[in-house]
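Note on naming: letters A, B, ... go to the chains in the order of the sequence lines (proteins, then strands), and numbering restarts at 1 for each one. What you see below is based on every heavy atom in this structure, not just the backbone, and it leaves out hydrogens, waters and symmetry mates.
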Amino acid sequence: MAQTPSSEARAGLKLISPTAIYVILLLAVPLATVLLYSVLTGGRGTVGLPLTGENYAELWSKPVYGYIMLKSLLVALTVTAITVLLAYPVAYFVSFHVKPERKSLWLFLITIPFWTSYIIRVSLWFVILGYGGVLDSTLASIGLPPLNVASYSILSIIIVLAHAYAPFAVLPIFVSLEKVDRSLLEAGQDLGESRWVTFLRVTLPLSMPGVIAATLIVFIPTVGDYVTPELVGDGKEPMIANLIETQLLKLRNFAQGSAFAVASMLMVGVVSLIFVLLNRRFIGGQK
Amino acid sequence: MKKAPLLRSYTLFYLLFLYGPIILLPIFAFNDSRVVAFPLQGFTLQWFGEMAADQNLRNAAWNSLIIALSVATLSTVLGIFAARASVRYRFPGKVPVMGLIMLPLVLPEMIVAMALLVVLLSIQIPLSLFTVILGQVLICTPFAVAILTSAFQSLDKSLEEAALDLGETPWSTFRLIILPLVMPGIMASFLICFTISFDEFIIANFLGSGQPILSVYIFGQFRFPAKVPSMLALGTVLVLFSIILLGFAEYMRRRGIAKAGGKDSGGFL
């Protein structure tokens, strides 16, 4: 079609405007509001001038906040590491050892649990790990002592999150493995390298972008997870999301809650950036 | 294909781990004991009866259905606009606008919910099912855009040009040529958004102001041991329902790819 660039630009802008206006009003404006509130002086249910850095100072000065942030970070990183390590061989198997026409069936099987109710999956773990639950009653019936996993809140939070986000990790790794040029592997082996060395020197580096993507996809929602600490950890081990909820809704301290939200976004942003930079460096180092 | 028995059995174990808790759903939903533990006691339909008789549960399910249908419709419509614009046209500000639309994918859901909640409370908009819909559309639109973008990308541009050359208007071209071709993508997007919305908890909980919504109701009931068996019965029904919907979405997606003459590369995302 003969279109001048400006008429094309206008048509494009017109077409995207409903969606754009929606996300600007309901996403960009709220995020900007949170940013603004975080530097205002807060009262109960109100915010006002003057501008202040006190909300952030509060975050630094009370060790309990730092502890919760650090705990969320460590839990999320542990979950991410477990999830990605467990998922890699699965993605590798589907990419390299499954017939092409069967691949989408395998992927479908792996992704189904992700599409079934998150609340039900998490609640089921509560039933499995909880006091007198499925795990302990099974152990008792074969004469073993109960493990009482649920009393180790952080451990059970990690187990549940690693299960809940497992399928997220398989897909991006699979996609990057699919892109690996198979002739490179043959070349490696023709030149006398073992399959294991070929994997370490060719396949693994080439699949790193997928691994990094998987890391981010798992890390971001786990660090902000609300349901699992609330239900499985019995609320005894709050994470960032629970902290933000307490400040905003229970204490109705909008300014302080906003500061927590901004701080946690910053934390997520910084960690994500580190992963992305690591990836770039890793790829650069292969040349 | 090389055989890899070790990797294969590992993958099967992994699937078992993924499905483990879900397999427990039907087992205990039909188990004749209020205590969810092995050994099994006997077969019963009592929990399904209890579930069906629960008036609060029916209200919650009805609300969830209204929300999910509205969210799926709105997200898919917004998704069509965004996906079509980004595939078909070049325009200034495309990267930041698309970035903003896709942002909820990389933002913890809690942040999206809280940001929206702060604004709603500040301008004193009462929380309702409507505010839940507003919030969930933000979460679902990126999925709709992702699915629809691949649908629009597989369109052959010459079909559209031919229709325009033959005297169709841009709108009738869209309605007669493009829409039917991307219909499977639209259906897949609708079904996926419906499923996401139906299961969604964070926004339903915080922007719903205690309205009975299914995910929120389930979350509350699991705290009462006496209620657990009927929740397992509900879970069994929901999982079946999800699998049927997803199977259908996957079927539509494949049909869409086949229609456009493409090759299946697997997966929803």
Contact origin within [X] toward chain B - heavy atom pairs under 4.5 Å:
| X | answer |
| --- | --- |
| A:Ser272 | neither |
| A:Thr33 | side chain |
| A:Leu248 | side chain |
| A:Val23 | both |
| A:Ile240 | neither |
| A:Val170 | side chain |
| A:Ala87 | both |

Under 4.5 Å from a heavy atom of chain A, the part of [X] involved:
| X | result |
| --- | --- |
| B:Leu120 | neither |
| B:Leu100 | both |
| B:Leu116 | both |
| B:Ile101 | both |
| B:Ile202 | side chain |
| B:Phe206 | side chain |
| B:Asp165 | neither |
| B:Ile196 | side chain |
| B:Tyr10 | side chain |
| B:Leu12 | side chain |
| B:Ser215 | both |

Mind ranking [options] by heavy-atom pairs under 4.5 Å with chain A and telling me who comes out on top?
| options | answer |
| --- | --- |
| B:Met114, B:Met231, B:Lys94 | B:Met114 |
| B:Thr141, B:Ile22, B:Thr195 | B:Ile22 |
| B:Ile243, B:Val216, B:Ile111, B:Leu234 | B:Ile111 |
| B:Leu238, B:Val137, B:Val77 | B:Val137 |

side-chain contact (heavy atoms from CB on, under 4.5 Å) between A:Phe96 and B:Leu7, worked out: CA-CA 10 Å; A:Phe96 282 81; B:Leu7 266 177; over 6 Å; no
Test side-chain contact (heavy atoms from CB on, under 4.5 Å) applied to B:Leu138 and A:Tyr22, step by step: CA-CA 8 Å; B:Leu138 281 179; A:Tyr22 191 91; 4.0 Å; yes
Does the side chain of [X] reach to within under 4.5 Å of the side chain of [Y], using non-hydrogen atoms?
| X | Y | answer |
| --- | --- | --- |
| B:Pro92 | A:Leu13 | yes |
| B:Arg84 | A:Leu15 | yes |
| A:Leu124 | B:Leu232 | yes |
| B:Arg90 | A:Glu8 | yes |
| B:Pro108 | A:Tyr226 | no |

Can you tell which of [options] has the highest number of heavy-atom pairs within less than 4.5 Å of chain B?
| options | answer |
| --- | --- |
| A:Ile217, A:Asp225, A:Leu86 | A:Leu86 |
| A:Gly224, A:Pro89, A:Ala164 | A:Pro89 |
| A:Val94, A:Leu216, A:Ile110 | A:Ile110 |
| A:Ser264, A:Ala166, A:Ser17 | A:Ala166 |

A:Val90 backbone acceptor or donor facing B:Thr11 side chain under 3.5 Å: no
Using 0.5 Å steps for rounding, measure from the [atom1] atom of [X] to the [atom2] atom of [Y].
| X | Y | atom1 | atom2 | answer |
| --- | --- | --- | --- | --- |
| B:Leu24 | A:Ile128 | CG | CD1 | 5.0 Å |
| A:Ser6 | B:Phe91 | OG | CZ | 15.0 Å |
| B:Leu105 | A:Ile220 | CG | CD1 | 9.5 Å |
| A:Ile16 | B:Met98 | CD1 | CE | 5.0 Å |
| A:Ile244 | B:Leu117 | CD1 | CG | 12.0 Å |
| A:Leu31 | B:Leu103 | CG | CG | 6.5 Å |

Atom CG of B:Leu6: over 12 foreign heavy atoms under 6.0 Å: no
A:Tyr118, OH: over 12 other non-hydrogen atoms inside 6.0 angstrom: yes
Full working for side-chain contact (heavy atoms from CB on, under 4.5 Å) between A:Ile119 and B:Asp199: CA-CA 7 Å; A:Ile119 289 292; B:Asp199 286 344; over 6 Å; no
Derivation and outcome, side-chain contact (heavy atoms from CB on, under 4.5 Å), residues B:Phe219 and A:Glu230: CA-CA 10 Å; B:Phe219 179 75; A:Glu230 193 73 12; 3.7 Å; yes
Check against ring-ring contact (aromatic ring centres under 6.0 Å, His included), A:Phe93 and B:Tyr14: CA-CA 12 Å; A:Phe93 173 75; B:Tyr14 184 83; over 10 Å; no
Parallel, tilted or perpendicular: ring planes of B:Phe17 versus A:His163, cut at 30 and 60 degrees: perpendicular
